[in-house]
Amino acid sequence: MEELNEVVEEEVLEEKEDFTEQTALYSKKLKNKIITSVVSYVVIIFTMFFQRYEDFDVALSSGLFLILLLFSGIVTLYAIYYMFSNRYRVSEKSISNYFKKINDFYDVVSIIPLFIASVAVINAFIFSPATVVKTSMEPNYYENDNIVVYHLATNYKRYDVVIVKVGEEDYYIKRIIGLPGETITIKNGEIYIGTGSDEELLGDTTTLKPGAHTYCSVGNNIDTSEECTFVIPEGSYFVLGDNREASIDSRYLGLIKEDELYGKVVLKLDFLN
């Protein structure tokens, strides 16, 4: 009989045990993760207002990312609701245990908005992936090659490979040949760089196909005797495709202003090609 009473007393003590402190610990951890997630959502929305590089976006244009973001948002709202609806029952063991389960599950869920926010920021302001279309940069960049574009590039140099936007939608991958203040002359299949009264032959042909030449026009009816000159003002560049015989570039598009340069190609992802 005495043993039975002792068991009953232990059960009563267990029922009366206060789990407030333990629940508060789980609640604090959960709050911190929710705050991190909410900040991540705000950052993602913030990047949507910077539309210069929106065409390069891989975060908010990805269906998978959007689904994951929606899922994490629903879980976040549920976690907030549960915290507020049970804030007066924190001493109960069942509530404490459930707080722990939510906290453990949210460890994984909270990574989603943080990761997507990081990708969105990098994409909007620093680096973007892109895929080459068409053949104007062969033999160095082939169609469907995957590349990385650095948007913060400044002080562009000759032979830099850049992304150019002409018009509202068209992007081109080209190589800078002429710099601000120079004069480009194309004659006899060669390029001459003029600075002041001096003119010299462009010597770097390593980027071209063997035997390739540069003429003022491309296609089947090329006038190889034609000579053309481009005077480059400050803030503009003369760009060409490496595949000189099949490239739409400054010979047709005209000189490229600096604000039409959307970044420098810094990496070719050969392992994805």
Side-chain angles (χ1 to χ4, degrees), residues 11-131 146-152 163 165 168-169 171 262-263 266-267 269 271-272:
E11 290 178 353
V12 171
L13 286 173
E14 185 178 343
E15 289 176 2
K16 292 182 178 180
E17 187 176 350
D18 192 336
F19 288 86
T20 302
E21 185 176 342
Q22 189 174 347
T23 306
L25 177 62
Y26 296 140
S27 180
K28 182 178 180 181
K29 290 181 179 180
L30 188 57
K31 283 180 183 177
N32 290 337
K33 293 167 189 171
I34 289 174
I35 290 172
T36 301
S37 294
V38 171
V39 170
S40 299
Y41 298 135
V42 172
V43 169
I44 292 170
I45 294 172
F46 176 75
T47 61
M48 294 171 65
F49 291 96
F50 292 85
Q51 299 182 348
R52 178 170 170 81
Y53 305 117
E54 64 176 341
D55 291 332
F56 296 88
D57 177 58
V58 295
L60 299 181
S61 64
S62 167
L64 176 61
F65 277 12
L66 290 177
I67 291 172
L68 289 173
L69 201 59
L70 178 62
F71 170 73
S72 67
I74 293 173
V75 175
T76 299
L77 290 175
Y78 175 76
I80 294 172
Y81 165 77
Y82 188 82
M83 288 178 63
F84 275 94
S85 62
N86 291 283
R87 62 188 182 278
Y88 300 119
R89 301 173 59 196
V90 293
S91 62
E92 299 177 22
K93 182 179 180 181
S94 60
I95 299 298
S96 179
N97 288 340
Y98 201 70
F99 259 103
K100 182 179 184 303
K101 290 179 181 179
I102 295 177
N103 188 66
D104 292 342
F105 183 65
Y106 205 75
D107 273 339
V108 178
V109 174
S110 61
I111 295 173
I112 296 172
L114 182 61
F115 172 74
I116 295 177
S118 300
V119 173
V121 169
I122 292 172
N123 229 183
F125 303 108
I126 308 174
F127 291 102
S128 293
T131 301
N146 295 293
I147 57 176
V148 175
V149 182
Y150 178 52
H151 296 304
L152 299 182
I163 301 299
K165 184 177 184 181
E168 293 298 321
E169 299 179 354
Y171 290 90
Y262 274 61
V266 294
L267 185 64
L269 303 175
F271 63 93
L272 293 177

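FYI, side chains are in, hydrogens and waters are out, and symmetry mates aren't considered; it's all heavy atoms of this structure. Numbering starts at 1 and runs along the sequence shown.
- Using a 4.5 Å heavy-atom cutoff, the side chains of L68 and F115 are not in contact.
- Under the 4.5 Å side-chain criterion, counting only non-hydrogen atoms from C-beta, T76 is in contact with Y41.
- Taken to the nearest 0.5 Å, the CG atom of L69 stands 10.5 Å off from the CD1 atom of I74.
- Expressed to the nearest 0.5 Å, how far CD1 of I147 lies from CG of L269 amounts to 8.5 Å.
- Scored by the side chain to side chain contact (heavy atoms under 4.5 Å, CB included) test, V90 finds T20, T23 as partners (sequence neighbours excluded).
- Within the 4.5 Å cutoff, the side chain of Y53 has no heavy atoms near those of the T47 side chain.
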**OP:** Go through the steps for Y106 and S37 under the test side-chain contact (heavy atoms from CB on, under 4.5 Å), then give the verdict.
**Re:** CA-CA 10 Å; Y106 205 75; S37 294; 3.0 Å; yes
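- By the side chain to side chain contact (heavy atoms under 4.5 Å, CB included) test, Y26 is found to be paired with Q22, S96, F99, K100, residues two or more places apart in sequence or in another chain being considered.
- The side chain to side chain contact (heavy atoms under 4.5 Å, CB included) test applied to L152 returns I126, Y150, not counting sequence neighbours.
- Of all heavy-atom pairs spanning N123 and A59, the tightest one is OD1-N, 4.0 Å.
- The minimum heavy-atom distance linking K33 with N103 is given by the pair NZ-OD1, 3.2 Å.
- For the atom pair CD1 of I102 and OG of S27, the computed distance is 10.0 Å after rounding to the nearest 0.5 Å.
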Subject >> Stepwise side-chain contact (heavy atoms from CB on, under 4.5 Å) check, N86 with Y98 >> reply: CA-CA 11 Å; N86 291 283; Y98 201 70; over 6 Å; no
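- Put simply, CZ on F65 and OG on S72 are 12.0 Å apart, with the number rounded to the nearest 0.5 Å.
- Shown here for R52 and Y262, the closest heavy-atom pair between the two residues is O-CE2, 3.1 Å.
- Closest non-hydrogen pair, V109 versus P113, comes out as O-CD, 3.2 Å.
- At a threshold of 4.5 Å between non-hydrogen side-chain atoms, the residues K93 and E17 do not count as touching.
- Between the CG atom in L25 and the CD atom in E21 there is a gap of 8.0 Å [rounded to 0.5 Å].
- Note that CG of L267 is 9.0 Å distant from CZ of F127, once rounded to the nearest 0.5 Å.
- The closest side-chain heavy-atom distance from F84 to I80 is below 4.5 Å.
- Smallest separation of non-hydrogen atoms from A130 and V149: CB-CG2, 4.3 Å.
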**OP:** Dump the intermediate steps for side-chain contact (heavy atoms from CB on, under 4.5 Å) on V75 and F71, then the final yes or no.
**Re:** CA-CA 6 Å; V75 175; F71 170 73; 3.8 Å; yes
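- The minimum heavy-atom distance between I45 and F49, with the atom names listed, is O-CD1, 3.3 Å.
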